[in-house]
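Following: one structure in structure tokens, then a few remarks.
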Amino acid sequence: MKHTLTCLILFIYSIIFVGSVKSQTLSGKRYMPPLGVLSLTGGVGVAYYMGDLRTGRINKHLGLGPSVSIGALYRLTEHFSARGELRFYQVSADQKYTPNYQQNLSFKTFNPDLNVGIQADLFAYNRHAKFNPYLLGGVGVTYMTPKTEFDGNWISLAPLQTEGVKYNRLPLVFMLGAGFSTQIAERWSLGMELVNNFVNSDYLDDVSTVYPDYSTLPNDLARQLSDRSSEIGAIPQQPGWHRGRPARKDMYLFLQVRVNYLIGTRKEAHERRNVRCPRF
């Protein structure tokens, strides 16, 4: 009887001990199942364009524009989360700042994009690390709206088909980036993120291949904006001459300050409601 009682006490103690170990992380905080933890995310920063109207050299005209994003993060495991975002960005370029100044082409675009992806955190969720580096990758779409300034007005270029091509204005975008976040409050974290966005199109800037046969363009405005060399006194560009670099598709880069608000899970929300003090 005494042996049985001793075994029962040891069994109960082992259950309590194992439960206590599981309920704590390395930082001493309570363990929470990672699956289903939801966070809201936002970011603000700059966007940088890389494409046909920019050479490899850096000059004073970077063509930086604003970028804004809003989205959500849904945790899958201790290290991986699904993420989705709606973003807006503006980029621009002008050839008068490049060795190809004689072509005199320029553009500006303000585009939305929508994407989903996976974020891989270096540290496990239940480690509750104050500083967390991560990698991310994803896929999405962007709607391209290239414009150029002409006679004091901003003209939409895509409908004019300045290269005699009706291109897809809603191409796929593939993302690859890295970032870090640091916890600043119980539910808030702040960080920075760098993401390169590879567009599955070479027409983000409305420039890609060669100068077309101008007689095939729809109107005089299209012909004027297809070859703008004469505006600066340069020789006209002949049909078939290189207008862009079709072998390399366009890209845009984001550098953003990021904020993250942890909502948690339904179980956590239920527990918070249960421990709230009643109002009198």
Side-chain angles (χ1 to χ4, degrees), residues 32-50 65-91 109-129 131-145 168-201 204 249-270 272:
M32 285 299 296
L35 178 63
V37 174
L38 183 67
S39 300
L40 298 181
T41 63
V44 61
V46 294
Y48 177 72
Y49 150 85
M50 292 169 282
S67 67
V68 179
S69 61
I70 184 170
L73 202 67
Y74 184 85
R75 189 159 288 279
L76 303 173
T77 70
E78 290 281 357
H79 290 275
F80 292 94
S81 298
R83 56 182 277 170
E85 286 190 330
L86 173 64
R87 307 183 301 180
F88 297 90
Y89 63 96
Q90 178 181 296
V91 291
T109 187
F110 181 75
N111 300 339
D113 80 12
L114 185 66
N115 62 78
V116 294
I118 294 293
Q119 178 174 309
D121 298 325
L122 178 62
F123 300 122
Y125 169 68
N126 275 290
R127 180 170 174 173
H128 300 281
F131 179 80
N132 181 45
Y134 60 85
L135 300 175
L136 66 99
V139 63
V141 293
T142 188
Y143 184 66
M144 303 187 303
T145 61
N168 177 21
R169 298 179 66 181
L170 197 68
L172 288 174
V173 176
F174 301 95
M175 308 184 313
L176 190 62
F180 70 87
S181 63
T182 182
Q183 190 174 358
I184 57 174
E186 182 181 0
R187 293 186 174 275
W188 292 91
S189 60
L190 189 67
M192 186 165 287
E193 186 175 279
L194 180 66
V195 180
N196 203 352
N197 305 276
F198 304 88
V199 186
N200 190 35
S201 171
L204 181 69
K249 295 182 178 179
D250 297 328
M251 299 181 286
Y252 52 95
L253 191 74
F254 282 0
L255 178 62
Q256 289 189 332
V257 175
R258 308 275 299 179
V259 64
N260 183 301
Y261 176 72
L262 176 66
I263 294 177
T265 63
R266 293 180 61 184
K267 180 179 178 180
E268 286 180 302
H270 180 71
R272 289 198 301 273

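In this text the structure is predicted, and so the values were computed from the model without any measurement. Atoms considered below: every heavy atom in the structure, side chains included; atoms not considered: hydrogens, waters and symmetry mates.
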Taking all heavy atoms of [X] and all of [Y], pick out the closest pair and write down the distance.
X      : Y      : value
Glu78  : Pro34  : N-CG, 3.8 Å
Ser69  : Arg258 : OG-NH1, 3.0 Å
Tyr252 : Asn196 : O-OD1, 3.6 Å
Asp121 : Gln119 : OD1-NE2, 2.9 Å
Glu193 : Tyr134 : OE1-OH, 2.6 Å
Val91  : Ala47  : CG1-CB, 3.8 Å

Quick check: do [X] and [Y] have side-chain heavy atoms less than 4.5 Å from each other?
X      : Y      : value
Val141 : Leu172 : yes
Lys249 : Val199 : no
Leu255 : Tyr48  : no
Ser67  : Arg87  : no

Could you give the distance from [atom1] ([X]) to [atom2] ([Y]), rounded to the nearest 0.5 Å?
X      : Y      : atom1 : atom2 : answer
Leu122 : Leu135 : CG    : CG    : 8.5 Å
Thr41  : Ile70  : OG1   : CD1   : 7.5 Å
Leu76  : Tyr125 : CG    : OH    : 13.0 Å
Asn260 : Trp188 : CG    : CH2   : 9.0 Å
Arg75  : Phe80  : CZ    : CZ    : 10.5 Å
Leu136 : Leu194 : CG    : CG    : 9.5 Å

Backbone N/O of [Y] and side chain of [X]: donor-acceptor pair under 3.5 Å:
X      : Y      : value
Asn111 : Thr145 : yes
Asn168 : Leu170 : yes
Glu85  : Asn115 : no
Arg83  : Leu73  : no
Asn132 : Ser181 : no
Arg187 : Leu262 : yes

Among all residues two or more places apart in sequence or in another chain, which pass the ring-ring contact (aromatic ring centres under 6.0 Å, His included) test with Phe180?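 Listed in chain order: Phe131.
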
Not counting sequence neighbours, list each pair that qualifies as a salt bridge (Lys or Arg N to Asp or Glu O under 4.0 Å) and has a residue in residues 32-50.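 Sorted pair list comes back empty.
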
Will you find, in the side chains of Tyr89 and Thr142, an N or O donor that is under 3.5 Å from an N or O acceptor? yes

Is it true that, when you exclude Leu86 itself, more than 12 heavy atoms of the residues, nucleotides or ligands shown sit nearer than 6.0 Å to its CG?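 Correct, the count exceeds 12.
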
Determine the sole option in Val195, Asp113, Val116 for which the side chain to side chain contact (heavy atoms under 4.5 Å, CB included) test with Met175 is passed. Val195

